[in-house]
Amino acid sequence: MDWETRFQTDDTPWERPGLHPALDHWADLGLLEDGQSIIIPGCGRAREPLELARAGQDVTVADLSETALAWQKEAFEVEGLPAHFEYGNALNFRPPALFDLIWEQTFLCAISPKDREAYEQTAHAWLKPGGHLLALFMQKDERGGPPYGCSIDAMRTLFPETRWEWPQESAFRPFPHPSLNGKPEIAAPLKRL
Ligand SMILES: C[S@@+](CC[C@H](N)C(=O)[O-])C[C@H]1O[C@@H](n2cnc3c(N)ncnc32)[C@H](O)[C@@H]1O
């Protein structure tokens, strides 16, 4: 996938018209406290990073599209809010300090499934013990991608209970995507052990 061209040509069907409803969901669960550090890998032109900064989070956005990162920079500059901008393959990024939170929104389903183990290693390395991966797992039965399906069975294998504490299944919350044929994303906060 040539992400840069997709942004340059505005061919971005994954973009939401408004904020992801999971923002309220995570806040209701008490997971979005002021002053936490949060990274949004594969941020694209999503509006949630700015909203998180407005709410007092210390935001890092990462993407390999220059156009997407430039869009984020401008959005933060217009509001006069600080953020950290990381250009390149997010899976290779090693931050100077560990994060409290990872905002996972249509990044894991965007990367090749062969890179998923590297994603899990990176996510674990990014977080403080007790920090959370705020996961939105894209549910999709069709083969191929992106988006590539992230079934809960596959995610339980990828994020094993020896390294991640999973919530009860009854606490999973599905959010249909407004485009992408309404495919649900299942919200599940995974605690890094
Ligand atoms: C499906 S888009 C989602 C964008 C954004 N999260 C949203 O919900 O609007 C996937 C994003 O991941 C970025 N991306 C893909 N592979 C990446 C990688 N290895 N490192 C950093 N960013 C990557 C793309 O440039 C794109 O912005």
Side-chain angles (χ1 to χ4, degrees), residues 1-26 32 38-54 57 59-76 83-95 99 101-127 132-140 142 144-150 155 158 173-189:
M1 174 69 81
D2 180 351
W3 296 102
E4 177 59 21
T5 299
R6 297 291 291 264
F7 284 109
Q8 285 179 7
T9 56
D10 274 329
D11 184 10
T12 53
W14 57 81
E15 290 185 345
R16 292 176 163 266
L19 292 171
H20 201 299
L23 261 176
D24 289 339
H25 177 60
W26 301 131
L32 296 180
I38 185 165
I39 180 164
I40 301 98
C43 56
R45 299 186 298 197
R47 293 169 170 78
E48 289 76 14
L50 185 59
E51 194 61 23
L52 290 161
R54 285 179 182 142
Q57 302 271 328
V59 168
T60 296
V61 285
D63 209 289
L64 48 64
S65 160
E66 284 182 359
T67 299
L69 263 194
W71 187 95
Q72 293 287 353
K73 268 187 193 163
E74 188 180 345
F76 276 83
H84 312 276
F85 302 91
E86 286 300 325
Y87 169 69
N89 182 352
L91 302 178
N92 294 336
F93 172 54
R94 290 297 175 265
F99 295 104
L101 298 168
I102 301 171
W103 182 278
E104 163 49 54
Q105 179 179 324
T106 52
F107 176 56
L108 178 55
C109 70
I111 62 174
S112 168
K114 72 177 169 47
D115 291 331
R116 285 185 172 179
E117 285 179 14
Y119 178 101
E120 190 275 339
Q121 297 282 330
T122 296
H124 199 271
W126 278 346
L127 285 172
H132 282 89
L133 170 65
L134 303 177
L136 292 162
F137 292 130
M138 175 69 71
Q139 303 303 295
K140 179 187 172 223
E142 309 94 292
Y148 297 96
C150 301
M155 295 301 100
L158 186 65
R173 177 82 188 273
F175 290 102
H177 198 285
S179 46
L180 305 181
N181 297 325
K183 294 184 196 341
E185 295 168 286
I186 292 183

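Counting starts at 1 for both ligands and their atoms, following the listed order. Both backbone and side-chain heavy atoms feed into the values below; hydrogens, waters and symmetry mates do not.
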According to ring-ring contact (aromatic ring centres under 6.0 Å, His included), who are the partners of His177, at least two apart in sequence or on a separate chain? none
Neighbour list for ligand 1 [protein residues, heavy atom under 4.0 Å]: Trp3, Phe7, Trp14, Gly42, Cys43, Gly44, Ala46, Asp63, Leu64, Ser65, Gly88, Asn89, Ala90, Gln105, Thr106, Phe107, Ala110, Ile111
Polar side chain donor-acceptor pair, Gln8 to Thr5, under 3.5 angstrom: no
Given 3.5 Å as the limit, does a donor-acceptor pair link the side chain of Asp63 with the main chain of Cys43, or not? yes
Plane angle bin for Phe107 and Tyr119 - parallel if under 30°, tilted between 30 and 60°, otherwise perpendicular: tilted
Glu142 CD: over 12 foreign heavy atoms closer than 6.0 Å: yes
Under 3.5 Å, is there a donor on one side chain and an acceptor on the other for Thr60 and Glu86? no
